[in-house]
Protein chains: 2
Amino acid sequence: MSLKKYHHGDLKNALIQAGIKILAKEGIGGLSLRKVAQKAGVSHSAPYAHFPDKQSLIAAISTEGFKQLYAELDIAVSPYSNNPRRQLAEGAWAYVQFAINNTDTFNIMFSGVLEKEKDYPAFVEISRKTFERVVDVVRVCQEAGVLRPAPPEMMAISVWGQLHGIVSLMLEGQIPHTVLDRFSVREIVFFALNQLISPPQ
Amino acid sequence: MSLKKYHHGDLKNALIQAGIKILAKEGIGGLSLRKVAQKAGVSHSAPYAHFPDKQSLIAAISTEGFKQLYAELDIAVSPYSNNPRRQLAEGAWAYVQFAINNTDTFNIMFSGVLEKEKDYPAFVEISRKTFERVVDVVRVCQEAGVLRPAPPEMMAISVWGQLHGIVSLMLEGQIPHTVLDRFSVREIVFFALNQLISPPQ
DNA sequence: GTCCAAATCTTGACACCGTCAAGATATTGT
DNA sequence: ACAATATCTTGACGGTGTCAAGATTTGGAC
């Protein structure tokens, strides 16, 4: 945590950043501890001073991804705190954008690459916090009649699940091109979201 | 394709079956070509006579998974061809059951493990066929007024995405236990699905 | 039936990987 | 100043995907 440099400086963060870059450039398959170490300019087993194993580095990268996702959701949503419908739409679109613009990070966060998430408190915490944020938006929407009355967590899972499912299938190439030729991603996403939303007025 | 045995017998299928077993027992992390070869009783590079690389074996396993998923969907849906609402419900639940009962196969099929799906025609074909089946069910539901009028492919993506997203988040441990304590998986799934369905009558 | 080309499988090697042990080096607290 | 600790290096281990070379089996042409 100190700003002062010793052997390397803040190697722990350097490793995380190197990992994020490699992930973005070469995908999950190209992400190895040894490559991360090399990119940070240290020997192949230097990372073991900061991470007990590869899973732990992956957990740190995933946690960073969640922090970024949370931040982007917050930025998208905050300006419209008095317009629940708009807030939901902007948040939803921000989620989709994040997934598309950070495919591999998104995959590492949500695709079973991290095997025992509950072992990593920071990951659990930011993931819980993100879900709470979604629940809050959903609750406001319900109070404004934009979403139907129901337990807000339940409705939040419907909304989040809807977005998450569609964008996952899209990234996986499971949406046939016969569909993608006729409709834009935006149309698909908002058509689905609108199924959950009560008609205006 | 011949039923006759030569060196091993139908090694290609034996490798796929061995892979499926290892996948179910040890997860994706435990799936290696060498282990698959050993389980099939051949040397470590025998698989290269049938699969150009590991991705290709994974594609074959994924394809097998899709065939099973298609079969289970079909079995669940067929008995109710004159009851669209029931058909949708049974199909949806079958999808969720498949994901829960075959976590790792499901992950290999949908979680970016297979990197260039379009290179594997059999995979593309069964995946397309499965989507078409969903579209058919959706279309019937629309004609019966169970689902709202819209381009059927669009509505199919909404339904499939909804289910896929919820079950993915669940498998990933992203649904907080505070929610899982209060609601069963069945309640969560059908609450979400009901958001998409027009009220009866 | 014989023989040859192709398919199938084995052996051995290579570079890369995650991980660990032993030791070197720098930092921190006393 | 020194001892305890954190950090990093070197070197090793078994496991991995992949390839090349060669052995073995098969199926078809004659």
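What you see below is based on every heavy atom in this structure, not just the backbone, and it leaves out hydrogens, waters and symmetry mates. Letters A, B, ... mirror the listed sequences (proteins, then strands); counts begin at 1.
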Expressed as a whole number of angstroms, how long is the span from [X]:[atom1] to [N]:[atom2]?
X: A:Glu26; N: C:dC16; atom1: CD; atom2: C1'; value: 13 Å
X: A:Gln55; N: C:dG18; atom1: CD; atom2: P; value: 11 Å
X: A:Tyr48; N: C:dG23; atom1: OH; atom2: C1'; value: 18 Å
X: B:His44; N: D:dC19; atom1: NE2; atom2: P; value: 12 Å
X: B:Asp10; N: D:dT25; atom1: CG; atom2: C1'; value: 16 Å
X: B:Phe51; N: C:dT8; atom1: CZ; atom2: P; value: 12 Å
X: A:Lys12; N: D:dT7; atom1: NZ; atom2: P; value: 9 Å
X: B:Asp53; N: D:dT18; atom1: CG; atom2: P; value: 5 Å

Practice item. Evaluate the ring planes of B:Phe110 and B:Trp160, with Trp represented by its six-membered ring, and classify them as parallel (under 30°), tilted (30 to 60°) or perpendicular (over 60°). Key: perpendicular

Point to revise | Qualifying residues under side chain to side chain contact (heavy atoms under 4.5 Å, CB included), relative to A:Lys67, sequence neighbours excluded | key: A:Thr63, A:Glu64, A:Ile126

To the side chain of [X], which of [options] is closest?
X: A:Ala49; options: D:dG17, D:dC8, C:dT11; answer: D:dC8
X: A:Leu11; options: C:dT11, D:dT9, D:dC8; answer: D:dC8
X: B:Ser45; options: C:dG12, D:dG17, D:dC8; answer: C:dG12

Practice item. Taking only the side-chain nitrogens and oxygens of A:His50, find out if one of them lies under 4.0 Å from OP1 or OP2 of D:dC8. Key: yes

Check your understanding: Without hydrogens or angle criteria, can the side chains of B:Ser127 and A:Gln174 be said to hold a donor-acceptor pair below 3.5 Å?
Key -> yes

**Study point:** Residue that, paired with B:Phe131, satisfies side-chain contact (heavy atoms from CB on, under 4.5 Å) out of A:Ile175, A:Val179, A:Leu169
**Key:** A:Val179

**Study point:** A:Arg128/A:Glu125 salt bridge by N-O under 4.0 Å criterion
**Key:** yes

Review point. Residues from residues 31-42 of chain A sitting under 4.0 Å of DNA chain C, heavy atoms only?
Key: A:Ser32, A:Leu33, A:Arg34, A:Lys35

Exercise for review: Please check if atom NZ in A:Lys35 has more than 12 non-hydrogen atoms from other residues, nucleotides or ligands closer than 6.0 Å.
Suggested key: yes

N/O donor-acceptor pairs under 3.5 Å from side chains in residues 136-150 of chain A, not counting sequence neighbours:
| residue | atom | partner | partner atom | Å |
| --- | --- | --- | --- | --- |
| A:Gln142 | NE2 | A:Arg148 | O | 2.9 |
| A:Gln142 | NE2 | A:Ala150 | O | 3.0 |
| A:Arg148 | NH2 | A:Gln195 | O | 3.3 |
| A:Arg148 | NH2 | B:Gln195 | O | 3.3 |

